[in-house]
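Keep in mind it's a predicted model, so treat the numbers as computed, not measured. Side chains are part of it too, since the values below use all heavy atoms of this structure and drop only hydrogens, waters and symmetry mates. We count residues from 1, following the sequence as given.
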Amino acid sequence: MERIAKVASQKAVVIFSKSSCCMSHAIKRLFYDQGVSPAVYELDEDSRGKEIEWALLRLGCNPAVPAVFIGGRFVGSANAIITLHLNGCLNKLLKEAGALWL
């Protein structure tokens, strides 16, 4: 949990992902298309990936990936991010975190 908190606070947007996960790919694409450059941590390419995955599950992210942090705060997984995007709240969060300037 400490490692997740540390990593999540290092950049405005942090995504814990798996390179083989289609929803992770879709969420990363959503951020890139908005002009946001998130820090992406591919758990299947990290030696401690399984440990981080379990910590994300304990945090309430189910499934564990994608797990999105904005401004150092856990926002949610794919469903939460897509909902925020569709209702117009995602841009506000991104602006508040300094990830989006327009």
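- Crowding of E2 atom CD: a count of heavy atoms from other residues, nucleotides or ligands under 6.0 Å not exceeding 12.
- To the nearest 0.5 Å, atom CD of residue Q34 and atom NE2 of residue H85 are 5.5 Å apart.
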**Report entry** Intermediate values then yes/no, salt bridge (Lys or Arg N to Asp or Glu O under 4.0 Å), D33 and K28
**Finding:** CA-CA 9 Å; D33 288 349; K28 290 183 282 189; over 6 Å; no
Query raised in the report: Does the side chain to side chain contact (heavy atoms under 4.5 Å, CB included) test come out yes or no for F16 and V40, once each step is laid out?
Result: CA-CA 6 Å; F16 289 93; V40 177; over 6 Å; no
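- In plain terms, the two heavy atoms of A99 and V36 that are nearest each other are O-CG2, 3.8 Å.
- Expressed to the nearest 0.5 Å, how far OH of Y41 lies from OG of S24 amounts to 15.5 Å.
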Less than 3.5 Å apart, which donor and acceptor atoms pair up between the side chains of residues 70-83 and the rest of the protein, not counting sequence neighbours?
residue : atom : partner : partner atom : Å
T83     : OG1  : N79     : O            : 2.8

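- Between atom CG of residue L84 and atom CG of residue L93 there is a gap of 6.0 Å, rounded to the nearest 0.5 Å.
- Under 4.0 Å is where a charged nitrogen must lie from a carboxylate oxygen, and between E45 and K18 no such pair does.
- Defined by atom type and a distance below 3.5 Å, a donor-acceptor pair is missing between the side-chain atoms of S19 and E42.
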Requested in this report: Evaluate the side chain to side chain contact (heavy atoms under 4.5 Å, CB included) criterion for residues L100 and N91: first the C-alpha distance (whole Å), next the side-chain angles of each, then the deciding distance (0.1 Å), finally the verdict.
Outcome: CA-CA 7 Å; L100 202 60; N91 277 351; 3.5 Å; yes
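- Separating the CG atom in L90 from the CG atom in L30 is a distance of 6.0 Å, to the nearest 0.5 Å.
- Scanning all heavy atoms of the two residues, the minimum distance from A97 to A12 falls at O-CB, 3.5 Å.
- Note: E53 CD to I4 CD1 = 10.5 Å, rounded to the nearest 0.5 Å.
- The side-chain heavy atoms of R3 and E51, taken from C-beta on, include no pair separated by under 4.5 Å.
- Under the 3.5 Å distance criterion, the side-chain polar atoms of K11 are matched with a main-chain donor or acceptor of S37.
- Atom CD of Q10 is separated from atom CZ of F69 by 12.5 Å, given to the nearest 0.5 angstrom.
- None of L57, D44, L43, I27 except one satisfies the side chain to side chain contact (heavy atoms under 4.5 Å, CB included) rule with V65; the exception is L43.
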